[in-house]
Amino acid sequence: EVQLVESGGGLVQAGGSLRLSCAAPGFTFDDYAIVWFRQAPGKEREGPLCISSSDGSTYYADSVKGRFAISSDNAKNTVYLQMNSLKPEDTAVYYCTTKRQGDIATIMSLRIWEYEYWGQGTQVTVSS
């Protein structure tokens, strides 16, 4: 069973930045898309927010475009989500998940249960 581990969440003031990590000890992300979702209190899981596809393409939802950036360190089997200019409405638990051989079009057509592995989430709280 692959376990994804998110970290890097915390409390930050509006306008601040955080960098989230999604690590998979013993697992390589080769040939996998990494996708970030988030879930605010009392709301359904929102996403895909950001996608790093298996063919190297990226996607950002309008709500985070220009503020969030996804990157990866293959040597560390870790994907990062750099979040800048944070807003109170970004407050949520952030999750990473995977889809093998997932290009952008494929990812955008998936139902939530079609992803393979999920992390436990990391809390991001943005104060006004």
Side-chain angles (χ1 to χ4, degrees):
E1 179 78 14
V2 175
Q3 182 66 49
L4 301 182
V5 180
E6 299 101 335
S7 61
L11 173 64
V12 64
Q13 288 188 329
S17 298
L18 285 172
R19 189 178 76 160
L20 306 185
S21 300
C22 174
F27 176 78
T28 61
F29 289 136
D30 293 349
D31 207 32
Y32 280 82
I34 305 301
V35 185
W36 288 90
F37 282 77
R38 68 185 178 189
Q39 188 164 16
K43 296 187 177 181
E44 292 188 355
R45 196 163 293 193
E46 176 189 3
L49 284 181
C50 310
I51 303 170
S52 176
S53 73
S54 56
D55 62 6
S57 303
T58 56
Y59 161 87
Y60 298 94
D62 288 344
S63 58
V64 304
K65 193 177 296 182
R67 300 188 298 122
F68 290 12
I70 194 168
S71 63
S72 62
D73 184 335
N74 292 334
K76 295 182 178 180
N77 293 334
T78 300
V79 173
Y80 302 100
L81 184 64
Q82 179 66 43
M83 306 189 299
N84 300 323
S85 302
L86 284 162
K87 305 175 181 179
E89 51 263 44
D90 294 320
T91 295
V93 177
Y94 284 72
Y95 299 90
C96 62
T97 183
T98 65
K99 181 60 182 176
R100 189 171 182 270
Q101 295 182 337
D103 58 27
I104 301 296
T106 299
I107 297 295
M108 297 305 292
S109 69
L110 293 180
R111 303 296 181 94
I112 199 80
W113 56 84
E114 294 181 279
Y115 294 90
E116 290 112 354
Y117 309 112
W118 290 85
Q120 81 290 347
T122 185
Q123 175 71 48
V124 171
T125 303
V126 185
S127 63
S128 57

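No hydrogens, no waters, no symmetry mates; every other heavy atom, side chains included, goes into these values. One-based numbering along the sequence shown.
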- prompt: E89 versus S63: any side-chain heavy-atom pair under 4.5 Å?
  reply: no
query: Under 4.5 Å between any side-chain heavy atoms of P48 and M108, yes or no?
result: yes
query: For the residue pair Y32 and F27, does the interplanar ring angle fall in the parallel (under 30°), tilted (30 to 60°) or perpendicular (over 60°) class?
result: perpendicular
task: Mind telling me whether F37 and W118 have parallel, tilted or perpendicular rings, with 30° and 60° as the class edges?
output: tilted
Grab the two heavy atoms, one from [X] and one from [Y], that are nearest each other, plus how far apart they are.
X: V79; Y: I34; value: CG2-CG1, 3.6 Å
X: L86; Y: R67; value: CA-NH1, 3.8 Å
X: A14; Y: S128; value: CB-CA, 4.4 Å
X: G9; Y: L20; value: N-CD2, 3.6 Å
X: R45; Y: Y95; value: NH2-CZ, 3.5 Å
X: V35; Y: I107; value: CG2-CG2, 3.9 Å

Mind checking whether [X] and [Y] sit in one hydrophobic cluster, side chains of I, L, V, M, F, W, Y counted as touching below 4.5 Å?
X: Y60; Y: V124; value: yes
X: L110; Y: Y59; value: yes
X: V64; Y: V126; value: yes
X: Y115; Y: F29; value: no
X: V12; Y: M83; value: yes

Distance (rounded to the nearest 0.5 Å) between [X] [atom1] and [Y] [atom2]:
X: Q82; Y: I70; atom1: CD; atom2: CD1; answer: 12.0 Å
X: F68; Y: R19; atom1: CZ; atom2: CZ; answer: 14.5 Å
X: K65; Y: L49; atom1: NZ; atom2: CG; answer: 12.5 Å
X: I104; Y: D55; atom1: CD1; atom2: CG; answer: 7.0 Å
X: D90; Y: T125; atom1: CG; atom2: OG1; answer: 11.0 Å
X: T106; Y: K99; atom1: OG1; atom2: NZ; answer: 8.5 Å

Has the side chain of [X] got a donor or acceptor atom that lies under 3.5 Å from a matching backbone atom of [Y]?
X: E6; Y: Q120; answer: yes
X: S53; Y: A33; answer: no
X: D73; Y: T78; answer: no

field: Residue pair E116 / T98, side-chain donor-acceptor N/O under 3.5 Å
entry: yes
message: Could you check whether S17 and N84, counting side-chain N and O atoms only, form a donor-acceptor pair closer than 3.5 Å?
response: yes
message: Tell me which one of Q39, Q123, R38 satisfies side-chain hydrogen bond (donor to acceptor under 3.5 Å, both in side chains) with Y94.
response: R38
- request: Quick one: list whatever passes disulfide bond (SG atoms under 2.5 Å apart) with C96, sequence neighbours left out.
  value: C22
